[in-house]
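So that the names make sense, note that chain A is the first sequence line, chain B the second, and so on, each numbered from 1.
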2 protein chains.
Amino acid sequence: MNVRSEDLTARARIRDAAVARFGRDGFRAPVRAIAEDAGVSAALVIHHFGSKDALRAECDQHVLTVIREQKSNAIAHASPAETIGMLATVQEYAPLFAYLVRSLLDGGALAGHFVDGLVDDASAYLQAGEEAGTVRPSADPAGRARQVVATQVGLLVMAQLDAAAGHGVAPTESPAEAIVQLYERSMLAGLELYTYGLLTDSRYLDAYQHFRQDKEKP
Amino acid sequence: MNVRSEDLTARARIRDAAVARFGRDGFRAPVRAIAEDAGVSAALVIHHFGSKDALRAECDQHVLTVIREQKSNAIAHASPAETIGMLATVQEYAPLFAYLVRSLLDGGALAGHFVDGLVDDASAYLQAGEEAGTVRPSADPAGRARQVVATQVGLLVMAQLDAAAGHGVAPTESPAEAIVQLYERSMLAGLELYTYGLLTDSRYLDAYQHFRQDKEKP
DNA sequence: GCCACGGCTGAACGCACGTTTAGTGTTATG
DNA sequence: CATAACACTAAACGTGCGTTCAGCCGTGGC
């Protein structure tokens with residue numbers, strides 16, 4: 001992504017163009033458009049990858065790999081302040097994220113695995129945090145991990161929505177921008193929520209627990 | 001939805017079939033399939049609605065209307081226990097939700113408005129809760145509302161994913177079932193999170209607030 | 001009885017798009 | 001120099017699908 005396009009092989013240029021196009025327009029983007037972006041013919045795309053689906057599979061692989069790398073970088077610096085600081089670098093990888101969101105929305109194979117991976121990671125982090133004393137214990141750790149991941153996923157999707165119909169602050173912002181923006185606009189509230197909670201007492205929680213008990217033994 | 005299909009006009013039957021199909025297979029579902037579901041010809045679908053897009057617009061309208069009605073029912077009974085109990089009725093409207101999720105995923109016009117509506121509603125509820133003393137005050141009420149809605153959206157999307165690639169508990173569950181299931185599996189953790197928070201202290205929150213300050217005046 | 005009309009249909013049209021084909025340089029190999 | 005191998009292309013093919021066309025019922029009005 002930080003290499004000039006002329007330096008890349010046609011194959012790589014096509015792959016990058018595909019990631020960008022798919023991320024921006026979704027997977028219905030015509031092969032011909034990707035080809036044009038990469039400065040090649042549509043036939044060459046097929047020649048190199050065999051089919052559009054195969055091209056997409058390779059994009060999946062590529063995106064997953066890069067993001068994994070980036071994530072393992074992130075866990076290296078694990079102090080609160082630095083983890084937060086990492087967000088600034090998100091901007092550079094925004095096209096990858098856009099692609100990822102498309103994949104999520106499309107419900108493709110990548111999406112399922114990726115979300116499962118996120119949930120597993122979240123589980124592990126939360127468990128570690130619990131042991132380190134920074135995270136509260138939970139009656140349902142797996143559910144909590146899903147909950148946390150769901151918020152991430154939801155923010156990504158909402159960012160995509162904002163980008164599609166430009167009813168955000170900036171009219172025709174790029175999907176990439178939208179992701180960064182929405183994160184910035186929700187980060188404070190999110191941390192606040194995770195720090196202090198939302199409710200002042202446990203009435204709702206108690207009510208639900210009673211509801212569950214009644215349901216199991218009526 | 002609770003009327004037998006023979007009793008409906010062809011127009012309504014087509015609309016219902018379209019909602020169901022679109023919800024299950026996405027908006028790429030062929031008009032011919034919808035027509036077959038409704039027991040009519042493809043040409044009749046166009047005859048009644050003018051185009052596939054117009055049909056979809058009418059589905060949007062229909063779904064939005066029904067869900068709005070249902071939601072205003074829900075706010076009538078506002079005690080914690082009853083609000084929780086309402087969830088049981090979700091099952092009946094699952095096809096509508098499936099359609100809604102598709103719309104979200106597709107990034108259509110409905111999606112944006114719907115999410116905006118959710119955020120507005122959440123804002124209002126949270127504000128009311130705040131005044132009633134059941135909800136904690138926030139430094140960023142709008143951001144918090146988005147955060148809460150993002151979690152809902154994320155859960156819906158994840159449910160859809162689980163339904164698509166049947167790697168859930170039940171192998172080939174319907175999308176509708178998947179939504180209910182995932183909600184059940186995350187409700188306890190969600191309430192716990194909203195009641196007690198996630199973190200044991202405010203280190204992350206403090207770090208972020210410092211980060212923001214540094215960014216504004218470097 | 002006849003006519004107009006709206007619900008309804010099967011067949012055909014046309015477009016968008018993935019893929020195939022047949023071929024043209026261009027480069028490495030003997 | 002001949003030949004094979006490879007990157008690459010323009011044009012054609014085939015298919016899926018939205019939409020249009022031309023016409024068939026069944027019903028209500030005269």
Where do N or O atoms of nucleotides 22-27 of chain D meet protein N or O atoms at under 3.5 Å, pair by pair?
none

*Tell me whether the centres of the aromatic rings in B/Tyr99 and B/Phe27 are closer together than 6.0 Å.*
yes
_Rounded to whole Å, please give me the gap between CD1 in B/Ile34 and P in D/dC17._
12 Å
*For B/Phe97, which residues count as a ring-ring contact (aromatic ring centres under 6.0 Å, His included) partner, sequence neighbours excluded?*
none
*State which residues pass salt bridge (charged side-chain N to carboxylate O under 4.0 Å, His left out) with B/Arg68; sequence neighbours excluded, sorted by chain then number.*
none
_Spacing of A/Phe49 atom CZ relative to D/dA7 atom C1', expressed in whole Å_ = 13 Å
*What residues form a salt bridge (charged side-chain N to carboxylate O under 4.0 Å, His left out) with B/Asp121, not counting sequence neighbours?*
B/Lys71
*asked:* I'd like to check the ring-ring contact (aromatic ring centres under 6.0 Å, His included) partners of B/Phe49; sequence neighbours left out, ordered by chain and number.
replied: none
Extract all donor-acceptor atom pairs below 3.5 Å that involve side chains of residues 104-112 of chain B and protein atoms in other chains or at least two apart in sequence.
residue: B/Asp106; atom: OD2; partner: B/Arg56; partner atom: NH1; Å: 3.0
residue: B/Asp106; atom: OD2; partner: B/Arg56; partner atom: NH2; Å: 3.1

*Nearest-angstrom distance from the residue atom NE2 of B/His48 to C1' of C/dT9*: 12 Å
Can you name the atoms? Protein N/O to nucleotides 14-20 of chain C N/O, anything below 3.5 Å, with the distance.
residue: C/dG18; atom: OP1; partner: A/Lys52; partner atom: NZ; Å: 2.6
residue: C/dG18; atom: OP2; partner: A/Val31; partner atom: N; Å: 2.9
residue: C/dG18; atom: N7; partner: A/Arg32; partner atom: NH1; Å: 2.8
residue: C/dG18; atom: O6; partner: A/Arg32; partner atom: NH2; Å: 3.0
residue: C/dT19; atom: OP2; partner: A/Lys52; partner atom: N; Å: 2.7
residue: C/dT19; atom: O4; partner: A/Arg32; partner atom: NH2; Å: 3.4

*Atom CD of B/Glu36 to atom P of C/dG10: distance rounded to whole Å?*
11 Å
*Within the 6.0 Å centroid threshold, strictly below: A/Tyr204 and A/Phe211*: no
_Tell me every residue that passes salt bridge (charged side-chain N to carboxylate O under 4.0 Å, His left out) with B/Glu36, counting only those two or more places apart in sequence or in another chain._
none
*Residue pairs fulfilling side chain to side chain donor-acceptor pair (under 3.5 Å) with at least one residue in residues 37-51 of chain A, sequence neighbours excluded*: A/Arg21-A/Asp37
*Measure the distance from CG on A/Leu44 to C1' on D/dA10 and round it to the nearest whole Å.*
13 Å
_Rounded (10°) bend between the five-pair end axes of the helix from C/dG1-D/dC30 to C/dG30-D/dC1_ = 20°
*Taking salt bridge (charged side-chain N to carboxylate O under 4.0 Å, His left out) as the test, write out the residues that go with B/Arg32, two or more places apart.*
none
*Please collect all salt bridge (Lys or Arg N to Asp or Glu O under 4.0 Å) contacts where either partner lies in residues 139-156 of chain B, sequence neighbours excluded, each pair once.*
B/Glu130-B/Arg144
*Measure from CZ on A/Arg11 to P on D/dC6 and round the result to the nearest Å.*
14 Å
